[in-house]
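Here's the structure we're looking at; comments come further down.
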Amino acid sequence: MAAKYNEDSIKSLDWHEHIRLRPGMYIGKLGDGQSPDDGIYVLAKEIIDNSIDEYVMGAGKKIEIEIEDRSVRIRDYGRGIPLGKVVDCVSKINTGGKYDSEAFQKSVGLNGVGTKAVNALSESFIVQSFRDGRCKKAEFCRGILVKEYKEAATSEKNGTEIVFNPDSEIFKNFRYLPAYMDEKIWNYAYLNTGLTLIMNGKSFSSTNGLLDLLQKRVDESIRYDVIHFNDKDIEVAFTHGNQYGEHYYSFVNGQHTTQGGTHQAAFREGIVKGARDHFKKDLDPADIRNCIIGAISIRIQEPVFESQTKTKLGSTSTAPNGPALRSWIVDFVSKEFDNYLFKNPDTEKKLLDRITQNERERKEIAGIKKLANERAKKANLHNKKLRDCKVHLTEVKSPLHQETMIFITEGDSASGSITKARNVQTQAVFSLRGKPLNSFGQTKKVVYENEEFNLLQHALDIENGLENLRYNKVIIATDADVDGMHIRLLLMTFFLQFFPELVEQKHLYILQTPLFRVRNKKETIYCYDEDERNKASSSLGKDGLEITRFKGLGEISPSEFGQFIGEDMRLESVMMPPDASLGKMLEYYMGKNSPTRQDHIVTNLRAEAVEEL
Amino acid sequence: MSEERKTLGLSNANYLEKLYDGWFLDYASYVILDRAVPYFEDGLKPVQRRILHTLFDMHDGRYHKVANIVGRTMQLHPHGDASIGDALVTMGQKDLLIDPQGNWGNPFTGDSAAAPRYIEGRLTQFALEVLFFYLHCDHFQHLQ
């Protein structure tokens, strides 16, 4: 029988009920704090954002942040919330002081939702505002006012203090790892020069803004000193290094746009134009931009984002009915760049070296590229490693294009099952044979020479950058045994080395597959770790209980596989380190054997890895 | 260095490095403890020890097909048949512990062995006496 649909079925939720019912709409994914993009970090960010806005308004040069296992305290020295409105400000949705103020026009969060979302998702939320010797305090639990204190006298300096503990009902078994906040806090410091943030006693501040940001993320291998210029509402910095690909950090009104957007595109264009104008040569844009590391931060009115998560800018103008965004950035960057090169002949020479080297390398692989591409052309018609799906990420007209994914499997152990169990519309399978080559330290030539890599690059269509990437998620699906771990290492090294953008823009994932099957005659439960296994085995009872450990994905039959790659699929996303450590890390783990690595292995030998098998 | 690594994920966190470190140690530990390094007591790698044990189990004085030996060894060795077969052939080519029958290849000329279904092997008298101290073989008959 169809459910009744009448006046009674229409519900109005209280604001906090709605937030608690659909936390994803407000803070993205939930998680337990083991991954830097988990919701509990977003909670802290929302509160800090408000303190930053106070700084932007010219009040308070210091923000104190204390993050422990399960609690967060943030104290700013801004003007403090007006005492009479303290309760409203944190518990009435669509309430705030930023709706019509001129200065806040160039801030990201204007909706008055952030603080309220934190309030609703916290077990305890205590707000206290200090203003001119008076203070006001209020306590909440899951968005409901528990205790409101009377105004009282205080000797504290002006500002606002918020202490909250995320709700353990919503964030299961969470724990803050303060280090995962490091990158965000640094970004605040870079984008707000003069502001000091103190997290757990460690102080974050920057005098040179984006210049500092880049300097932290590059190592000795950069070709010339970071070029840095700024003007009202725009700041850029860039240099050339030795890594493959282009790396950008782009910000709009303090929001990190990880997927770039119109401002980043204009920045890239500006650099090419600047270099071409200066050298008076028709240089290839790819040669100019290869190996670049750059950062851009702009402030515009009412930015338009392409996605809900505000990671890609879509604005084409600097303000509603204002001048065009593109020409503003392109003109600024190219003019300043050109001038800078005239003033710094040393940099000019080193830049030209880099560009000619890029050109040479490009031509060097042109020959082999042609051969490889011919092979790949055949492969595109019939890429023998690939079982393609029907929809691709580039087909934006299809409503499914965001859901496309490709599984990279190890040997034939799983490709057959996945092929049978998959959704043919959106899920593709690429099967590797044996272990891929360790690509560390190799040049890009190897991507063309090695048949496996070449086919993979064509299956993903990332030869010329990410624009044509055919799948939104690239998922490494290896067995959960030690050789599977090795293949993960090798594949990740391949992507990190030659296609870092893929990782930066969060397209790369690891498929979590169950480790144990616990079953009796009636029921089967799949478990992803030992805790789950113990729970499952006690719930099923002793009668006819059988516990198997999966050694390879091949042990899972196609009919069972559906649930592991369906809606409840468990994916772990792979994220770039926030600093310049990537090169060193790859060298350490994937490079030549070194005494320190040997020591590390010897002191950390994992005997349990052996016993499991 | 190791002190720094212990706190990884707390103070010096770098998510990617945590993943790398975990995978790397899993793999490296396994390779060292259970694959590539011979054990100091008998000088054997795990796969070799498992092959010899299987040969001893099967031993009845007659030659056995290599394919069968490989199949039986698999009960102890959770890996592919090819890797077991290669290890067995390499041991047989030394002509010390295993008595080979058929074309087992030649490491000096680079010729490889015939397919496992064609060739046969059994433990040598030497292996039986030295490795297994086997009292039932002819040589020890007089002791019983």
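The chains referred to below are lettered A, B, ... by the order of the sequence lines, with proteins before strands, and numbering in each begins at 1.
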Audit row: A:Ile510, B:Trp23, side chain to side chain contact (heavy atoms under 4.5 Å, CB included) steps and yes/no: CA-CA 12 Å; A:Ile510 313 271; B:Trp23 298 338; 3.4 Å; yes

Counting only heavy atoms not in [X], do more than 12 fall under 6.0 Å of its [atom1]?
{"X": "A:Glu546", "atom1": "CD", "result": "yes"}
{"X": "B:Tyr118", "atom1": "OH", "result": "no"}
{"X": "A:Asn173", "atom1": "CG", "result": "no"}

With B:Arg49 via salt bridge (Lys or Arg N to Asp or Glu O under 4.0 Å) - residues at least two apart: B:Asp42

Would you say that [X] contacts [Y] through its side chain, given a criterion of any heavy-atom pair below 4.5 Å between the two side chains?
{"X": "B:Arg35", "Y": "A:Asp483", "result": "yes"}
{"X": "A:Met585", "Y": "B:Tyr20", "result": "yes"}
{"X": "B:Leu19", "Y": "A:Glu572", "result": "yes"}
{"X": "B:Tyr30", "Y": "A:Met485", "result": "no"}

So what's closer than 4.5 Å to chain B heavy atoms on A:Ser573: side chain, backbone, both or neither?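 Only the backbone of A:Ser573 comes within 4.5 Å of chain B.
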
Could you have a look at A:Asp599, A:Val503, A:Ile601, A:Val574 and say which one has the most heavy-atom pairs with chain B under 4.5 angstrom? A:Ile601

Do you see a donor-acceptor pair shorter than 3.5 Å between the side chains of B:Asp21 and A:His600? yes

Sequence neighbours left out, what pairs pass salt bridge (Lys or Arg N to Asp or Glu O under 4.0 Å) with at least one residue falling in residues 92-110 of chain B? B:Asp99-B:Arg122

Find the distance between OH (A:Tyr589) and CD (B:Glu17) and round it off to the nearest 0.5 Å.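 Between A:Tyr589 OH and B:Glu17 CD, I get 4.5 Å after rounding to 0.5 Å.
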
Over all atoms of both residues, closest heavy-atom pair of B:Ser29 and A:Asn604: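 What the structure gives for the nearest pair is OG-O, 4.4 Å.
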
Minimum heavy-atom distance B:Tyr27-A:Val482, with the two atoms named: CD1-O, 3.3 Å

With a 4.5 Å heavy-atom cut-off (strictly below), which parts of residues 490-500 of chain A touch chain B? List them by number. A:Met492, A:Thr493, A:Leu496

Residues in ring pair (Phe, Tyr, Trp, His ring centres under 6.0 Å) with A:His247, at least two apart?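 Applying ring pair (Phe, Tyr, Trp, His ring centres under 6.0 Å) to A:His247 gives none.
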
